[in-house]
Amino acid sequence: MGKLLIVGSIAFDEIETPFGKTGKILGGAATFIGLAASQFKVDAGVVSVVGEDIPEEYLNLLKERNIDISGVEVVQGGKTFYWKGKYHNDLNSRDTLVTELNTLADFNPIVPEDYKDAEVVMLGNLHPSIQLGVIQQMNERPKLIILDTMNFWMDNTWDELMEVIKLIDVITINDEEARQLTGEHSLVRAATKIQEMGPKYVVIKKGEHGALLFHKEHIFFAPALPLEEVFDPTGAGDTFAGGFAGYLAQVKNISFESLKNAIIQGSNLASFCVERFGTERMLDLKPHEIDQRLGQFKELTQFNIELT
């Protein structure tokens with residue numbers, strides 16, 4: 001069984017979409033990554049921080065799915081990271097209404113001894129100094145380090161972000177972020193520039209239009225499955241990352257072909273995440289549903305054509 005270390009936030013989210021609104025519910029990058037990775041045969045551990053206001057049942061939801069939470073620090077008297085957002089009618093854009101870092105503002109990650117030898121490390125979207133601190137605590141260089149980041153860190157922590165990017169194997173960002181990171185409009189040129197910064201593989205997410213994988217001169221495109229209903233896109237990118245990392249930790253094969261399969265696995269799980277608010281759909285997901293939808297992905301992309 002492969003060992004996966006997940007670093008990210010466990011948070012309260014409050015979400016409004018054209019289909020309704022929630023109160024404070026369980027969210028955060030580490031939560032979605034962990035729930036997605038738990039669909040694979042992996043030994044997954046989470047490094048995060050929460051306040052004493054986090055309901056015990058939220059942490060138990062992770063434990064019940066065999067996600068090790070010994071690396072989750074509970075700060076007595078502290079408050080858990082909180083985000084509130086409202087999505088526009090097309091669900092492709094949103095307004096952030098409230099962001100309260102709370103305990104995340106002073107987060108000093110401590111990697112449990114049992115996970116300092118993890119073969120795969122998934123660095124969720126956090127301050128680059130936190131991501132770097134985790135890498136430095138590993139006993140030896142992991143076989144695969146995956147980084148998720150966003151334009152906020154590009155705007156405010158450029159130098160620290162560049163230090164982390166030098167050390168990783170895979171970066172997952174969206175198309176807007178890839179263009180900002182490189183100054184290139186063409187995603188092909190952007191991916192080439194990013195590989196020159198350090199990562200061997202570049203994953204560019206395009207939301208409802210799928211995802212691209214770049215490695216040297218090789219390019220792979222994975223479509224997003226057309227869905228009848230999309231309720232809430234929150235956590236879809238982290239779910240994608242969790243499926244991607246979980247699959248690779250399970251198969252223990254780091255090759256372009258394996259990463260192609262990992263992108264499909266991640267896209268498949270993300271397609272479930274958006275069907276309900278927050279983590280609701282991921283918590284009741286059944287293995288036969290995952291397999292059935294993987295079959296739909298295969299049918300969506302498979303064709304025979306004779307080349308002359």
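When reading the values below, keep in mind they use all heavy atoms of this one structure, side chains included, and skip hydrogens, waters and symmetry mates. Start at 1 with the first residue, then count along the sequence. Just so you know, these numbers come straight off a predicted model, no measurement behind them.
- Considering only heavy atoms from C-beta on, H88 comes within 4.5 Å of S93 through its side chain.
- Summarising the local packing, CG of N89 is surrounded by 12 or fewer heavy atoms from other residues, nucleotides or ligands at distances under 6.0 Å.
- D169 and R141 are joined by a salt bridge, as a carboxylate oxygen and a charged side-chain nitrogen come within less than 4.0 angstrom of each other.
- Here the side chains of F297 and T301 are not in contact, with every heavy-atom distance at 4.5 Å or above.
- To the nearest 0.5 Å, the span separating NZ on K84 from CD1 on I15 amounts to 11.5 Å.
- The closest side-chain donor-acceptor pair between D232 and T17, if any, does not fall under 3.5 angstrom.
- You'll find the side chain of Q131 stays beyond 4.5 Å of the side chain of L167, heavy atoms only.
- If you chain together hydrophobic residues whose side chains sit under 4.5 Å apart, F32 and V49 never meet in one group.
- Closest approach of D238 and A29 over heavy atoms only: OD2-CA, 3.4 Å.
- E184 places no side-chain N or O within donor-acceptor distance of the main-chain N or O of A178, the cut-off being under 3.5 Å.
- With respect to F81, the side chain to side chain contact (heavy atoms under 4.5 Å, CB included) criterion is satisfied by exactly one of T103, T99, I10: T99.
- Residues T234 and Y87 bring a donor and an acceptor atom of their side chains to less than 3.5 Å of each other.
- In this structure the side chain of Q265 reaches within 4.5 angstrom of the side chain of F40, judged on heavy atoms.
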Between I219 and V188, is a side chain to side chain contact (heavy atoms under 4.5 Å, CB included) present by the stated rule, with each step listed? CA-CA 9 Å; I219 304 174; V188 176; 4.2 Å; yes
Might you work through the side chain to side chain contact (heavy atoms under 4.5 Å, CB included) test for V121 and L144, ending with a clear yes or no? CA-CA 6 Å; V121 174; L144 193 73; over 6 Å; no
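- Judged purely by distance below 3.5 Å, without hydrogens or angles, the side chains of R293 and S271 pair a donor atom with an acceptor atom.
- The heavy-atom pair separating V111 from L5 by the smallest distance is CG1-CD2, 3.9 Å.
- The pair D95-K86 does not count as a salt bridge, with every side-chain nitrogen at least 4.0 angstrom from each carboxylate oxygen.
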Show your reasoning for whether side chain to side chain contact (heavy atoms under 4.5 Å, CB included) applies to F220 and L212. CA-CA 6 Å; F220 173 71; L212 289 155; over 6 Å; no
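- With contacts defined as side-chain heavy-atom distances shorter than 4.5 Å, the pair V46/Y115 does not qualify.
- Note that the CG atom of D148 and the CE atom of M150 stand 9.0 Å from one another [nearest 0.5 Å].
- At distances below 3.5 Å, not a single donor-acceptor pair connects side-chain atoms of E163 with backbone N or O atoms of D159.
- One N or O on the side chain of N156 and one on the backbone of F152 form a donor-acceptor pair closer than 3.5 Å.
- Salt-bridge check for K116 with E113: passed, with a basic side-chain N closer than 4.0 Å to an acidic carboxylate O.
- Taking the six-membered ring for Trp and the full ring otherwise, the centers of F12 and Y82 sit at least 6.0 Å from each other.
- Around NZ of K193, the count of heavy atoms belonging to other residues, nucleotides or ligands within 6.0 Å exceeds 12.
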Quick one, L147 with V164, criterion side chain to side chain contact (heavy atoms under 4.5 Å, CB included). Give me CA distance, side-chain angles, the key distance, then yes/no. CA-CA 9 Å; L147 172 76; V164 176; 4.0 Å; yes
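- Annotation: side chain of I110 is not in contact with side chain of E73 (no heavy-atom distance under 4.5 Å).
- Expressed to the nearest 0.5 Å, how far CD1 of I171 lies from CD1 of I165 amounts to 4.0 Å.
- Nearest heavy atoms, V42 versus A37: CG2-O, 3.4 Å.
- Residue G207 comes nearest to A224 through the heavy atom pair O-CB, 3.8 Å, listed as atom of the first residue, atom of the second, then distance.
- Here the side chains of T31 and S48 are not in contact, with every heavy-atom distance at 4.5 Å or above.
- Hydrophobic cluster membership is shared by L227 and I263, with clusters built from Ile, Leu, Val, Met, Phe, Trp and Tyr side chains linked at under 4.5 angstrom.
- Atom NE2 of H127 sits about 10.0 Å away from atom CG of L101, to the nearest 0.5 Å.
- Note on F244: it clusters hydrophobically with F221, by side-chain heavy-atom contacts below 4.5 Å among ILVMFWY residues.
- With respect to E119 and K3, no salt bridge is recorded, no charged nitrogen being found less than 4.0 Å from a carboxylate O.
- The CD1 atom of I173 lies 10.5 Å from the CZ atom of R179; values are rounded to the nearest 0.5 Å.
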Without placing hydrogens or testing angles, list every side-chain donor-acceptor pair under 3.5 Å for residues 248-257, not counting sequence neighbours.
from	atom 1	to	atom 2	distance (Å)
Q250	OE1	K41	N	2.7
N253	OD1	S255	OG	3.4
N253	ND2	S258	OG	3.1
S255	OG	S258	N	3.2
S255	OG	S258	OG	3.4
E257	OE1	K260	NZ	3.4
E257	OE2	K260	NZ	3.2

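- With hydrogens and angles disregarded, a donor-acceptor distance shorter than 3.5 Å links the side chain of S186 to the backbone of R189.
- Here the OG1-CD distance, from T182 to Q195, works out to 12.0 Å after rounding to the nearest 0.5 Å.
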For a quick test of your reading: what N or O donor-acceptor pairs under 3.5 Å do the side chains of residues 54-66 make, sequence neighbours left out?
from	atom 1	to	atom 2	distance (Å)
N60	ND2	E56	O	3.4
R65	NH1	L61	O	3.0
R65	NH2	L283	O	3.0

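- Hydrophobic clustering keeps M1 apart from I6 (ILVMFWY residues linked when any side-chain heavy atoms are closer than 4.5 Å, directly or through intermediates).
- For the pair K205 and T172, the minimum side-chain heavy-atom distance is below 4.5 Å.
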